[in-house]
Student: 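Got a structure for you, questions after.
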Protein chains: 2
Amino acid sequence: MLRGLAPSLVMPEPTEAPSAPSQERTGQASTPKGERRRQALVEAASELLVESGFAGIRHRAVAERAGLPLASTTYYFSSIEELVERAVEYHGRTELAWGRERLSGCGRLDRDELCELVLDMLLGHNSRDGGLDVVLLRYERLVGSGRRPYLAPLMREMGDELHALLVEILAQAGAPSSSAEVTRLIALIDGTVVNALIESDPDPRGAARRVLRAELP
Amino acid sequence: MLRGLAPSLVMPEPTEAPSAPSQERTGQASTPKGERRRQALVEAASELLVESGFAGIRHRAVAERAGLPLASTTYYFSSIEELVERAVEYHGRTELAWGRERLSGCGRLDRDELCELVLDMLLGHNSRDGGLDVVLLRYERLVGSGRRPYLAPLMREMGDELHALLVEILAQAGAPSSSAEVTRLIALIDGTVVNALIESDPDPRGAARRVLRAELP
DNA sequence: GACAATCTGGTACAAGCGTACCATTTTTGC
DNA sequence: GCAAAAATGGTACGCTTGTACCAGATTGTC
């Protein structure tokens, strides 16, 4: 399975060789330039994820998008699953970071700002201009984790961070809510969105906004 | 694209030929046995849909599951999309029929029966024994329609029927609810379920039950 | 500056995919 | 019963996929 990938480590201890036979440290870049390439692949994969969902992440598509040769994808990632996971993580953390920066960058939020910020966090801030892609992605990730158990831990971790951030946001807007209330709000919005996806002229953000406004005090 | 598929219809009206050039009636079976085979393929595809999602519906897999040769799939269905659509429809309508029969078969529902029946309709009645597959399917279908626009009309139609059925169910349980209230309830449950899918030991039905009980008067 | 370690990128391959073809057999309509 | 229509099923094609290979270029370390 592994090729001449890890000829590094000149067998630190001969006895360890059988116990830690292979795999490991696959795809770790040890060079600044290598790290940059690896990151470029993750970002390319993330873009494809937004545009075409999980099915869009393919070795060839990712390599082409990143302007790198095909083999670089197998060099830096031991499997397509690892690439998918890194892409999901990159996109999720970028979105979380965007939200945190946004929050710290403004003072007290009025009701409208609060609404839009909550929608940004739950539907993706790119959904402002009506793009469906980003919206789809959040729910594809959630549902997709059902058939991709390896994603679940990551999704859970990012979900918890999102939850905490929403608690903060509501507090800063003067509408402090308990953890349970936020959980409920998330579920309500998520359910509204997935059901809005099948409308003939889907406007999930609009649907979510109506529900959210009715819910906020 | 079409082969000698539809040499039937000896051109009822020559003038119609150019206006309705091709496609049409592809895959329509004209024979009882043919209809049975076609149905067998739909059911096989539906099983695969439950087990492996959209990705599980493949010509070869469907044919093998139905015990039919590969070519039968292209003979009865003009494309894989049509097969997917029929499988989704079959599964959805079967579930709806199950619910209607269930409703008419029992008298006034008590609170617990009501809860379970609502969960059956929203998560799939096979989710009673903890199977995740059926649960996943409902949400894969909803989210999947985002990237498969051809499914949206069908999903909308079945969604409306589900909505109406839930209104009936609640009425029969002595908890009459407005259309808007039911819409909200559906969203709340759906959102709860998709968020429960990433738990380390997923129990979406349990999570939905807790929310539902808190919601019902 | 030399020597490993790391990275690069062109290429190859087997498997699986949707779809098409077509010589037969079965069924239908008259 | 017979011609025509429908159905059957084995087979093949062109394409995409994930992954493997490996000779050469680049880089980091001493």
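Keep in mind the model is a prediction, meaning the values are calculated, not measured. To find a chain, count down the sequence lines: A is the first, B the second, and so on, and within it residues start at 1.
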Student: Does a side-chain N-to-carboxylate-O contact under 4.0 Å join E140(A) and R147(B)?
Tutor: yes
Student: Note the angle between the end axes of the helix from dG1(C)-dC30(D) to dC30(C)-dG1(D), five pairs defining each, rounded to 10 degrees.
Tutor: 30°
Student: I'd like to check the salt bridge (charged side-chain N to carboxylate O under 4.0 Å, His left out) partners of R184(A); sequence neighbours left out, ordered by chain and number.
Tutor: E215(A), E215(B)
Student: In Å and rounded to the nearest 0.5 Å, what is the CG to OG distance from L136(A) to S52(A)?
Tutor: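 Atom-to-atom, L136(A):CG and S52(A):OG are 11.0 Å apart.
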Student: Provide the full list of salt bridge (charged side-chain N to carboxylate O under 4.0 Å, His left out) pairs with a residue in residues 90-99 of chain B, sequence neighbours left out, each pair given once.
Tutor: E89(B)-R93(B), R93(B)-E157(B), R93(B)-E161(B)
Student: Could you work out, with side-chain contact (heavy atoms from CB on, under 4.5 Å) as the rule, every residue matching N195(A), not counting sequence neighbours?
Tutor: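 Listed in chain order: R138(B), L142(B), I186(B), D190(B).
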Student: Atom OH of Y76(A) and atom P of dT19(D): how far apart are they, to the nearest Å?
Tutor: 18 Å
Student: List the residues meeting side-chain contact (heavy atoms from CB on, under 4.5 Å) with L132(A), not counting sequence neighbours, and say none if there are none.
Tutor: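 By the side-chain contact (heavy atoms from CB on, under 4.5 Å) rule, L132(A) matches L197(A), P202(A), P204(A).
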Student: Between R205(B) and D120(B) (salt bridge meaning N to carboxylate O under 4.0 Å), is one present in this structure?
Tutor: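 Salt bridge: yes.
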Student: Do any of residues 41-51 of chain A sit with a heavy atom less than 4.0 Å from DNA chain C, and if so which?
Tutor: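 Under 4.0 Å from DNA chain C: no residue of residues 41-51 of chain A.
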Student: Write out a two-atom table: protein N or O, nucleotide N or O from nucleotides 13-18 of chain C, distance below 3.5 Å.
Tutor:
from	atom 1	to	atom 2	distance (Å)
dG18(C)	OP2	H59(B)	N	3.2
dG18(C)	N7	R60(B)	NH1	2.9
dG18(C)	O6	R60(B)	NH2	2.8

Student: In this structure, how many angstroms lie between the C1' atom of dT26(C) and the CZ atom of R36(B), rounded?
Tutor: 13 Å
Student: Is the cationic atom of R86(A) (NZ for Lys, CZ for Arg) positioned less than 6.0 Å from the six-membered ring centroid of F77(A) and within 45 degrees of its normal?
Tutor: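 No, cation not above the ring by the 6.0 Å, 45° rule.
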Student: According to salt bridge (charged side-chain N to carboxylate O under 4.0 Å, His left out), does anything in residues 52-75 of chain A pair up with another residue at least two apart or in another chain? List the pairs.
Tutor: E47(A)-R65(A), E51(A)-R65(A)
Student: Between dC21(D), dT8(D), dT6(C), which nucleotide gets closest to the side-chain atoms of Y75(B)?
Tutor: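 Among dC21(D), dT8(D), dT6(C), the one nearest the side chain of Y75(B) is dT8(D).
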Student: Sequence neighbours left out, what passes side-chain contact (heavy atoms from CB on, under 4.5 Å) with T73(A)? Give chain and number order.
Tutor: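 Testing T73(A) for side-chain contact (heavy atoms from CB on, under 4.5 Å), a comparison that skips the adjacent residues, returns L41(A), H59(A), V62(A), A63(A), L70(A).
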Student: Starting at atom CD of E35(A), determine the distance to atom P of dT6(C), rounded to an integer number of angstrom.
Tutor: 14 Å
Student: Is E113(A) salt-bridged to R102(A), going by a charged N under 4.0 Å from an acidic O?
Tutor: no
Student: OP1 or OP2 of dG9(C) versus the side-chain N and O atoms of R37(A): is any pair under 4.0 Å?
Tutor: yes
Student: Using the ring pair (Phe, Tyr, Trp, His ring centres under 6.0 Å) criterion, which residues pair with H163(B)? Sequence neighbours excluded.
Tutor: none
Student: With sequence neighbours excluded, what pairs up with A152(B) under the side-chain contact (heavy atoms from CB on, under 4.5 Å) test?
Tutor: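 Partners of A152(B) by the side-chain contact (heavy atoms from CB on, under 4.5 Å) criterion, ordered by chain and then number, come out as R156(B).
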Student: Taking CG from L68(A) and P from dG10(C), how many angstroms apart are they, rounded to a whole number?
Tutor: 11 Å
Student: Listing time: all N or O pairs from protein to nucleotides 25-27 of chain D that are below 3.5 Å?
Tutor:
none

